[in-house]
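First up is the structure itself, then whatever we jot down about it.
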Amino acid sequence: MVRKLSTEFCGLSFTNPVVPASGTFGFGLELADSMDLNVLGGISLKGTTLEARFGNPTPRIAECNGGLLNSVGLQNPGIRELVNAKVPALRRIFSGRIIANISGFSAEEYKECCRIADSCGGIDIIELNISCPNVHGGGMAFGTDPGAAAEVTEAVRSVCSKPLVVKLSPNVTDIVSVARACEDAGADGLCLINTILGMRIDIKTRRPVLANRTGGLSGPAVFPVALRMVYDVAHACSIPVMGCGGVSGAQDVVEMMMAGARVVQVGSENLRNPFACKEIVEDLPVVMEKLGIEKLSDIIGCA
Amino acid sequence: MPNISKISLEIRSNEPLNRNCFRLEMCGDGIPAFSPGQFVQLGIPGKFLKRPISVCDADGEHIVLIYKAVGEGTEILSGLSGGSRLELLAPLGRGFSAEACKRSALLTGGGLGSAPLLFLCKTLLGAGKKVNAVLCFNTAADVVLADEYKKLDVEPQIVTLDGSMGIKGYATDAVFPGHDFFYTCGPLPMMRAVCNTLPGPGQASMEERMGCGAGYCYGCTIKTADGPARVCADGPVFDKDKLLW
């Protein structure tokens, strides 16, 4: 039997639900010579701001049990370089969904960045990143308060004709209230979760491992947290959800979809295995057969 | 970007070279061609991220890595014995430009920086170039690979900080001009001092904590004269005049 991996999100079809998460797969081009990108359902591009950013000082990476912390700090070439060079180059070789991840430091900046992204034909979906924990005065500051989340969503909505997905922060008391605020402000979909704020200290030097002191925790350790939040939000909101957080295998994809995700993003696993998403797509039919699943679309939210 | 493969190799030997440095030799199918200065990402049992380790020697069937047991990952690695299998990503990074040397080269290694330079030494000698080597360590007990250079008929000048072997002092007390190109790999302050001391053109191999090791996580970016550069993919080897230190 041919197992059907296809899924649908905001009216867009995906050949399969597997999408490398923003920040864990660059701009899609970095690995183009090492693998066939077209096995992927889509690619969420590295977080981009209006102007180019160097990001945080190094070390930006710290390992921990079951994952890692990162404090890259939104290094990117700016939105114009993204729409003029990166996306056109990727579009030439990639037929899946291209998701532009947009961040900023003020509602106006988010709006201008999205206006430019919206004009780019190669971009299918705009992912509004209000959850980056590694920049000060922006990113997560908008994602931890329902009012601020609604304000930036509404500002961007007015210039965005493409499906608008808001990427939520787990660093909140009640993620459902933030999700509902984004839905009410006009979001077409939600993506969750971004990383969880964490820290490591080098016990030999007695100093924080990361130059930025704190960073975002990701990897298999966060999967149950992400799953719970996806489940809660998918049940509370009527707009579709992309599940993200600690997904490391095909079984995790199935579990995320059972929690209510229509698309599943894979993040940290890419950092230890650039072929992780390809392998997950290949493993999905095997896992589906074992579980008696004919079509992935049948299991969305079944739990 | 080069074509990166994921391969599984069997440990042939994993022997100590001194009190905390080890020589890891692996064999198996699918070992790609490497140029000196390139590295692999080595999977460690029980650790989430792979570890970037420069290649000391490789042919189509074997690969040799020299590492120091300094953290949790390398401590685990040092306990593995022959027969165990490890997963690697390779080849990674931009290595040294051996062709940049026309006649004679000076290699300056600090600690385990001597390992990728040994691979470069072989390559340069094979291309008919003259090679001088300066190898720097904290103390005589830390000296590694000096005999491997001697086997290639390159007599390395040893430098130790405490004077327990060779010249007492720093790399800058031993390096000398008269070569048309130099290459250095070791601690950052040593490489910076070497680059500032030697007047001619040269290259240095940088080190940073890495995530993916293959250019797509942007975890190891440094500032260069050409703008932000990923140590793993735009480097680790950079021209002296591009480094802002």
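Hydrogens, waters and symmetry mates play no part in the numbers below; they use all other heavy atoms, side chains included. Note that the structure is a prediction, hence the values are computed from the model and not measured.
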Among the listed options B/Lys47, B/Lys50, B/Gln41, the residue most often paired with chain A at heavy-atom distances under 4.5 Å: B/Lys47

Chain A interface, residue from B/Met210, B/Glu72, B/Glu208, B/Lys6 that has the most non-hydrogen pairs under 4.5 Å: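 Result: the option with the highest number of such pairs is B/Lys6.
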
Side chain B/Gln38, main chain B/Ser35, donor-acceptor under 3.5 Å: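 Present.
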
Main-chain N/O of B/Val70 paired with B/Thr74 side-chain donor or acceptor, under 3.5 Å: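 Such a contact is found between B/Thr74 side chain and B/Val70 backbone.
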
SB check B/Asp226 B/Lys242 (cutoff 4.0 Å): yes

Presence of salt bridge, B/Glu15 and B/Arg23, under 4.0 angstrom: no

Residues of residues 37-54 of chain A near chain B, each having a heavy atom less than 4.5 Å away: A/Lys46, A/Phe54

B/Tyr218 six-ring face occupied by A/Arg60 cation (under 6.0 Å, within 45°):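 No, A/Arg60 and B/Tyr218 do not form such a contact.
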
Residue B/Leu49 versus chain A: region with a heavy atom under 4.5 Å: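 B/Leu49 touches chain A through backbone and side-chain heavy atoms alike.
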
CD (B/Glu61) with more than 12 external heavy atoms under 6.0 Å: no

Interface residue of largest heavy-atom contact number with chain B, from A/Leu271, A/Asn270, A/Asn273, under 4.5 Å: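 Winner by heavy-atom pair count: A/Leu271.
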
Heavy-atom check, side chain of A/Leu69 versus side chain of A/Ile61, under 4.5 Å: no

Distance, nearest 0.5 Å, that separates OG1 of B/Thr160 from CG of B/Asp142: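 Going from OG1 on B/Thr160 over to CG on B/Asp142, the span is 9.5 Å.
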
Segment of A/Ser71 engaging chain B (4.5 angstrom heavy-atom cut-off):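 It is neither, since no heavy atom gets under 4.5 Å.
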
